[in-house]
Amino acid sequence: MASRVDGPLKVTGRAKYGADNNFPGLVHGYVVVGTVAHGEILAMDTTAAKSAPGVVGVYSPFDPLVLRTASTPLLGETWVPLQDKEVTYYGQAIGLVVAETYEQARDAAMTVEVTYARRPVRTSLADGLAEAEDAPAARDGTPATFAVLADGVASIEDALAASPVVVEATYSTAPQNHAAMEPHSAVAVWDADGLTMYSGNQGASLQVAELTASLEIESSAVHTINPFVGGAFGGKGRTSVAAFLAAAAARVLGKPVKVVLTREQIFTTTANRAATVQKITLGSTTGGSLVAVRHDSWCSTAMDRSFVEPTSHGTSREWYATENLAISQKIVPLNIPRTTFMRAPGEAPGSFALESAMDELAAKLAMDPIELRLRNNSTAPPGKDLLWSSKHLDDCYRIGAARFGWADRSPNGRTDGDWQVGLGMATAMFPAIRFPAAVRITLRDDDTAVVGTGGADPGTGLLTVLSLVGAESLDIPPERVTPLLGDSELPPGGLSGGSSATASAGTAIMATAAQIIDELLALASSPGSPFAGKEVSYADGRLFADGGSMTFGEVLRAVNRPSISATGSSAPGEELTKHSFSSWGAQFCEVRVHKWTREARVSRMLGVYDAGRIINDKTARSQIVGGMIWGVSAALHEGLELEANGRFANGDLASYLVPVNADIPDIDVHFVEYPDTLHNPVGAKGLGEIGVVGVAAAIANAIHNATGIRVRHIPITIEDLLGH
Ligand code: MOS
């Protein structure tokens with residue numbers, strides 16, 4: 001169990017984040033944001049700003065910085081600011097003021113006068129449902145509207161009509177902001193070689209691709225550096241407006257430019273989690289076997305329609321065995337800030353609906369909720385013949401039930417003084433994903449190694465995982481491995497997203513370690529080497545030939561090589577045609593609702609997970625605990641409130657509620673460890689996102705158990721629990 005290798009740097013303030021970089025002559029940019037949600041900018045009076053103290057540049061759609069729309073295969077098109085006069089959401093970036101100090105830039109930005117031709121604003125998801133549009137196909141190619149029907153069944157309606165027991169309900173979930181601790185920021189420096197960008201991201205190669213396209217320069221002319229990232233959660237997948245504007249302004253000004261978004265600007269100029277409405281109909285036998293599952297889902301999206309929160313596709317498409325399945329996914333374009341991936345996109349809000357509905361079905365059947373889920377355990381996604389490579393979800397349920405004292409649960413909760421106490425559970429699932437990744441390993445003559453890849457550690461523990469997998473693959477202690485991340489000069493290392501980084505980078509490390517050990521063996525037995533002409537083997541950081549052994553450092557010194565390096569890569573391949581892959585889990589919680597104040601408190605939580613092999617228990621647990629806390633937040637605290645004019649009423653950390661320590665009980669995490677080497681040779685399936693999945697439903701289900709009140713939206717507030 002390893003502590004974070006970067007822990008001491010972080011807790012002592014020595015870790016250098018993007019905005020911590022300063023250079024001689026550096027100037028500061030402050031972003032100007034619009035104050036209408038829909039319209040055209042007719043004029044921007046920047047006269048006062050231009051003559052304000054210290055100001056060196058004022059940019060707007062009337063005096064733009066040159067930027068082109070960026071597009072990458074993974075992220076699609078990324079909007080760039082200042083290129084047209086259209087405003088489609090409140091808080092859109094519409095200008096940049098650059099000055100010698102941050103305060104000068106901010107003060108000057110406040111003097112910019114904007115005149116708009118306003119247009120009607122659409123902000124209500126509920127009002128937009130009737131005119132919803134079909135979403136594009138899901139990432140796995142499944143069309144937005146999709147059905148699997150048993151032989152002889154004509155429609156999902158027929159399957160539901162023939163089901164002895166049916167539950168149907170509509171659920172909704174609030175939009176959210178990633179609200180990472182480190183604000184989106186950028187420091188851009190140009191020299192004869194091109195641009196150096198210091199800005200937190202989730203994968204250097206993505207940022208290079210977007211900057212290259214938007215600035216119309218060669219990728220060799222962009223160097224991005226982000227050794228530390230203060231939280232991302234999907235909100236730093238795309239390059240931020242701070243980075244686009246800093247890069248373009250620094251190019252025209254010939255000076256380094258720093259742009260740091262304010263917390264309020266982060267809520268509108270980055271991107272958020274969509275709001276969702278989901279209607280679920282479950283049909284089952286009286287014995288609790290699902291006959292039909294229908295999941296229709298709507299999500300909000302910005303006017304550019306660039307992101308779909310894949311709720312039905314992320315859950316009902318795969319979670320339970322059923323012969324009849326129908327899902328749909330629709331989008332409702334609104335005048336809201338852009339939406340994007342946020343930790344477990346699809347699965348987090350989707351599981352609130354599906355796992356609440358499963359609880360409603362269990363109640364209707366008078367069946368234990370775990371028993372209902374065990375009865376509908378799938379061996380493959382419905383309608384697919386690719387069996388799950390490794391699935392120990394039943395272990396998660398059973399071990400969880402025993403650890404949590406589930407057997408003591410009464411169907412009607414219990415009381416403890418003035419508190420109504422209930423237990424709830426839910427399934428969690430997140431696909432096991434792997435992306436192509438490349439790593440470079442260097443062996444040095446002091447018997448140490450460097451393992452580097454261009455991915456990012458946004459707090460996940462990836463840096464530590466690199467040192468551990470590197471050490472294991474090279475057969476040396478982790479203290480002798482220096483892990484490197486967050487630099488585009490390192491081989492492209494996939495991204496920290498989709499809970500994929502350990503499987504992607506880890507597999508690449510294993511492949512590259514084998515490669516460099518082969519090179520070492522060849523070197524050691526080559527003419528002029530200590531073991532020239534002999535059969536050499538490698539173990540424990542040493543080379544062995546008949547009669548003797550040397551460390552690899554000793555061999556390198558003997559042949560006058562300070563170091564040797566190898567770059568290798570790995571990518572998903574044939575395994576995708578043979579199996580389906582996922583991580584699994586079971587969430588348990590105890591909630592206490594106060595009889596008089598109706599306050600809901602989570603008093604106990606447990607998550608049991610099958611995420612394949614756990615590389616480092618300490619950082620894995622920390623990832624999961626963070627996800628589970630986010631689940632509490634989603635269930636009881638967190639949600640963006642949109643005013644009718646499109647402004648967020650709570651777009652800052654003073655009014656956007658998240659739990660504090662006093663809201664969170666001790667959290668128990670348990671892993672059932674079944675390495676999944678069908679997915680990748682490391683056997684790790686990913687656990688960055690599954691911790692949040694199902695938690696909100698488990699809490700809503702516990703509240704129902706405690707009070708008899710079924711709340712079908714999150715966050716659940718005191719008002720929802722009044723009147724009982
Ligand atoms: Mo994340 S939502 O896996 O970038």
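All ligand and atom numbering here is 1-based and tracks the order in the structure.
With W388 as the partner, the side chain to side chain donor-acceptor pair (under 3.5 Å) test is satisfied by one option alone out of S580, S378, S582: S378.
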Only distances under 3.5 Å count here; give the side-chain donor-acceptor pairs of residues 225-241 to other protein atoms, sequence neighbours excluded, each with its distance to 0.1 Å.
unit_1: N226; atom_1: ND2; unit_2: N201; atom_2: O; d: 3.3
unit_1: N226; atom_1: ND2; unit_2: N201; atom_2: OD1; d: 3.3
unit_1: K236; atom_1: NZ; unit_2: E182; atom_2: O; d: 2.9
unit_1: K236; atom_1: NZ; unit_2: E182; atom_2: OE1; d: 3.0
unit_1: K236; atom_1: NZ; unit_2: G231; atom_2: O; d: 2.8
unit_1: R238; atom_1: NE; unit_2: T78; atom_2: OG1; d: 2.9
unit_1: R238; atom_1: NH2; unit_2: L75; atom_2: O; d: 2.4
unit_1: R238; atom_1: NH2; unit_2: E77; atom_2: O; d: 3.4
unit_1: T239; atom_1: OG1; unit_2: E210; atom_2: OE1; d: 2.7
unit_1: S240; atom_1: OG; unit_2: A242; atom_2: N; d: 3.4
unit_1: S240; atom_1: OG; unit_2: A243; atom_2: N; d: 3.2

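Counting non-hydrogen atoms of other residues, nucleotides and ligands closer than 6.0 Å to NZ of K279 gives a total of 12 or fewer.
Judged by distance alone, with hydrogens and angles left aside, the side-chain atoms of H313 form no donor-acceptor pair with the main-chain N or O of S328 at under 3.5 Å. Between the side chain of R273 and the backbone N or O of M342, at least one donor-acceptor pair lies under 3.5 Å.
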Contact table ligand 1 N or O to protein N or O, d under 3.5 Å:
unit_1: ligand 1; atom_1: 3 (O); unit_2: G498; atom_2: N; d: 2.5
unit_1: ligand 1; atom_1: 3 (O); unit_2: E689; atom_2: OE1; d: 3.1
unit_1: ligand 1; atom_1: 3 (O); unit_2: E689; atom_2: OE2; d: 3.0
unit_1: ligand 1; atom_1: 4 (O); unit_2: Q202; atom_2: NE2; d: 2.8
unit_1: ligand 1; atom_1: 4 (O); unit_2: G234; atom_2: N; d: 3.4

Test F341 against E689 for side chain to side chain contact (heavy atoms under 4.5 Å, CB included), laying out the working first. CA-CA 11 Å; F341 311 91; E689 288 162 275; over 6 Å; no
